[in-house]
Amino acid sequence: MTAHATKAGAPQGTQERIHAVVRKIPRGRVATYGQVARLAGLPGHARQVGYAMAALGDATRVPWHRVINVQGRVSPRRAGPGAGLRQRQLLEREGVRFDGGGRVSLERYGWQPRARGR
DNA sequence: ATGCTGACTATGT
DNA sequence: TACATAGCCAGCA
């Protein structure tokens, strides 16, 4: 399923592509914005990944909470600390542990997709 | 069309 | 460790 490319020609929006990748992140695992961007075929567009997450609605089925920054921390949002706390709760509920500084060990919970094959 | 804003990351000082 | 800068893209007034 690499090619959901519609013959219609409409190149999928960057955002849609990002959502597709995030949806693949397994439960109990986390991925960084930059990693998602790279897997989506958009290396260097980490920022766009963050914005794509922000554009999601509450009824989304995309596990946006599994996306954190490269520091292993939940990125602070302008919307308020409330959203960040929710993300942390969702992750802890999946078994992801945070350290005293509110950080996640990427070495331990980082998603490591196997290219080709699995 | 132009300018601003926003869930990032790497690099330099 | 902290702050500044540059690169990247989409949505909206």
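Naming: A, B, ... by sequence-line order, numbering from 1 per chain.
Atom CZ of A:Arg78 and atom P of B:dC4 are 15 Å apart (whole Å). When the P atom of B:dC8 is taken as reference, atom OH of A:Tyr33 falls 6 Å away, rounded to whole Å. Between the CZ atom of A:Arg73 and the C1' atom of B:dT9 there is a distance of 16 Å, rounded to whole Å. Atom P of nucleotide C:dC8 and atom CD of A:Gln48 are separated by 11 Å, given to the nearest angstrom. Between the CG atom of A:Leu56 and the P atom of C:dA10 there is a distance of 16 Å, given to the nearest Å. Here C:dC8 presents its P atom at 15 Å from CD1 of A:Ile18, a figure rounded to the nearest Å. Atom CG in A:Leu42 sits roughly 19 Å away from atom P in C:dG7 (whole-Å rounding). In this entry the distance linking CZ of A:Arg66 with C1' of B:dA7 reads 17 Å, nearest Å.
At least one side-chain heavy atom of A:Leu39 sits less than 4.5 Å from a side-chain heavy atom of A:Trp111.
Looking at A:His65, A:Gln89, A:Arg27 one by one, the single match for side-chain hydrogen bond (donor to acceptor under 3.5 Å, both in side chains) with A:Glu94 turns out to be A:His65. When each of A:Arg77, A:Met53, A:Arg66 is tested with A:Gln87 by the rule side chain to side chain contact (heavy atoms under 4.5 Å, CB included), just one qualifies, namely A:Arg77.
A:Thr14 has a side-chain polar atom (N or O) that falls below the 4.0 Å cut-off from OP1 or OP2 of C:dA10.
Side-chain N/O atoms of A:Tyr51 and base N/O atoms of B:dA7 include no donor-acceptor pair closer than 3.5 Å. Below the 3.5 angstrom threshold, one finds no donor paired with an acceptor across the side chain of A:Arg47 and the base of B:dG6.
When distances run from any side-chain atom of A:His45 to the nucleotides B:dC8, C:dC8, B:dT5, the shortest one goes to C:dC8. Nearest nucleotide to the side chain of A:Met53, out of B:dT9, C:dC9, B:dA7: B:dA7. Picking from C:dA10, B:dA10, B:dC8 the nucleotide with the shortest atom distance to the side chain of A:Asn69 gives B:dC8.
Distance CZ/A:Arg29 to CG/A:Leu91: 12.5 Å, rounded to 0.5 Å. In this structure, CD1 on A:Ile68 lies 6.5 Å from CZ on A:Phe98, to the nearest 0.5 angstrom.
Among the heavy atoms of the strands lying under 4.0 Å from A:Gln87 is at least one base atom, whether or not backbone atoms are also near.
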